[in-house]
Protein chains: 2
Amino acid sequence: MDTRQRTDQQRSADQRRRELLEAADRVVLRDGPGASMNAIAAEAGITKPILYRHFGDKGGLYAALAKRHTDALLDSLRAALDAPAARRERVEATLDTYLAAIEARPQVYRFLMHPAEGGAPSDQGFDTGRHSIPLLRRMGEELAEVIEERVDLGPDSRRLARVWGHGIVGMMHAAGDWWLGEQPCARAELVHSLADLLWGRLAVAGDRAGGPGF
Amino acid sequence: MDTRQRTDQQRSADQRRRELLEAADRVVLRDGPGASMNAIAAEAGITKPILYRHFGDKGGLYAALAKRHTDALLDSLRAALDAPAARRERVEATLDTYLAAIEARPQVYRFLMHPAEGGAPSDQGFDTGRHSIPLLRRMGEELAEVIEERVDLGPDSRRLARVWGHGIVGMMHAAGDWWLGEQPCARAELVHSLADLLWGRLAVAGDRAGGPGF
DNA sequence: GACTGCAGTTACCGCAAGTAACATGCTAGC
DNA sequence: GCTAGCATGTTACTTGCGGTAACTGCAGTC
């Protein structure tokens, strides 16, 4: 029964890991990303070394935490991206999905993107920052694949698709971040404005009347 | 001679501050953003408390450091943005200026944007992250102003210009970050691809032949 | 019943941020 | 000239965190 026992142990270890991650999640979402390992361990009802046995170091824990949320977000984005609809509708749906996600759970978003804000004024000791980029990169790569697969970009399509994938994701991210900071308009308006930008409205807009030079 | 003395002292204090910033610059660019206050003080030939008297805390020092570089970058961007040329040329010139800057001094760029990477594997004790966003935000706001001032966007132009400003800056940033990581093409190609995206090529591209349903 | 392996603990190290209290030199007023 | 004040600098400390070593108790195994 060696294998059977192994699987039992494995299962309980995974279960424990999940519990620890949930505890970490609670603390991080409450105290911000500056949460200490001690605090997380306390929330989980155990002590530090166990966390280290499970996750190696703080970066490992945060990476695991980030991966959970990142995977979840990417799943919803994929769903929006795969919906059977015209291109512009799909783009708008994807933008809206992303923005709805960050609007619904800004704490999670801030953890994923800006690992160094919440918490004490003299916070220290988070070593994330390695995690915000992975999310952006992954989104960029996935979008690039979708673009290359669906849009006819002529020769050099691979490179072009990747540039656009990362560029569009960055646009969405930065606009979303700004929008989340100072809710200047409804989500739908933002979605529309961004889609307009992607649809080339900048190119066809006229010059302003009293513009300097023209 | 009270005022005269005051100004003398003031001048020397400012000078000292500049020297300290240059020393900090050297250390941060050499050791990454995980550089300790002790190391910076040593490089400047003094000890920690003086740094704290000048900058308050580590965040203050890093903010001052970031402001220097941010201001410099914004100056060059403004120059490119103000050049007398057609809109597309200006856009390309601005993109190129930004990308040339991050290509020329990736260390500075990484400090401004990803304050948590270089340095020891178990780095700790940087509390920036408060600085990357300011740069993006400032660029976004400035671009928004330029857009609103020069482009005729009809009613609601203020909101639209800000959305676009932040969105375009984010696009530039994310694409630049990815491009810097894995130099996949020449700078000029990237500039062209991004400008094409902004010029609506995504909207007019056809669907790919064997696409799944689309 | 001794043996192995795993969850868990306490107690510690190292290191960096930040601070208090002490030393030193310069200018100013008497 | 001599002391008062102030800026500049120092040493030596506290606090708090990440990370680890070494010990403890407890399942199941031969």
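Each chain gets a letter, A, B and so on, in the order its sequence line appears, and its residues count up from 1. Only this structure's heavy atoms are used, side chains among them; waters, hydrogens and symmetry mates stay out.
- For the pair A/Arg53 CZ and D/dG18 P, the interatomic distance rounds to 18 Å; values are reported in whole Å.
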Please table the atom pairs, donor to acceptor, closer than 3.5 Å between any side-chain atom in residues 171-183 of chain A and protein atoms at least two apart or in another chain.
residue: A/Asp177; atom: OD1; partner: A/Tyr109; partner atom: OH; Å: 2.7
residue: A/Asp177; atom: OD1; partner: A/His114; partner atom: NE2; Å: 2.5
residue: A/Asp177; atom: OD2; partner: B/Arg137; partner atom: NH2; Å: 2.9
residue: A/Trp178; atom: NE1; partner: A/Glu182; partner atom: OE2; Å: 3.4
residue: A/Trp178; atom: NE1; partner: B/His166; partner atom: NE2; Å: 3.3
residue: A/Trp179; atom: NE1; partner: A/Cys185; partner atom: O; Å: 2.9

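- Using a 4.0 Å heavy-atom cutoff across all strands shown, B/Ile50 reaches at least one base atom of the nucleic acid.
- Distance A/Lys58 NZ to D/dG18 P: 4 Å, rounded to the nearest Å.
- For A/Ser36, the side-chain atoms get nearest to D/dC17 when compared with the rest of C/dG18, D/dC17, C/dG8.
- Checking A/Lys48 against A/His54, the closest nucleotide of DNA chain C that is more toward the 5' end is the one next to A/His54.
- Judged purely by atom type and a 3.5 angstrom limit, B/Arg90 uses its side chain to pair as donor or acceptor with the backbone of B/Ala85.
- Here A/Arg68 pairs with A/Glu22 in a salt bridge; the nearest charged N to carboxylate O distance falls below 4.0 Å.
- Atom pair B/Met37:CE and D/dT14:P shows a separation of 21 Å (rounding to whole Å applied).
- If you measure from atom CG of A/Asn38 to atom C1' of C/dA11, you get 13 Å, rounded to the nearest angstrom.
- Nearest to the side-chain atoms of A/Arg16 among the listed nucleotides D/dG18, C/dG18, C/dG8 stands C/dG8.
- In the model, B/Arg138 has no side-chain atom that pairs as donor or acceptor with a side-chain atom of B/Thr70 under 3.5 Å.
- One interatomic measurement links the two molecules: CG of A/Asp57 to P of D/dC17, which rounds to 17 Å at whole-angstrom precision.
- Annotation: the span from A/Glu148 atom CD to A/Leu143 atom CG amounts to 11.5 Å, rounded to 0.5 Å.
- To the nearest angstrom, P of D/dT8 lies 18 Å from OH of B/Tyr52.
- The listed nucleotides are D/dT10, D/dA21, C/dA16; the one nearest the side chain of B/Pro49 is D/dT10.
- As a whole-Å value, the separation of A/Phe55 CZ from D/dG18 P is 15 Å.
- Summarising the geometry, the separation between CG on B/Leu51 and P on C/dA16 is reported as 15 Å, rounded to the nearest angstrom.
- Looking at heavy-atom distances under 4.0 Å, A/Thr47 makes contact with a base.
- Comparing atom distances between the B/Ile46 side chain and each of D/dG18, D/dG9, C/dG8 picks out D/dG9 as nearest.
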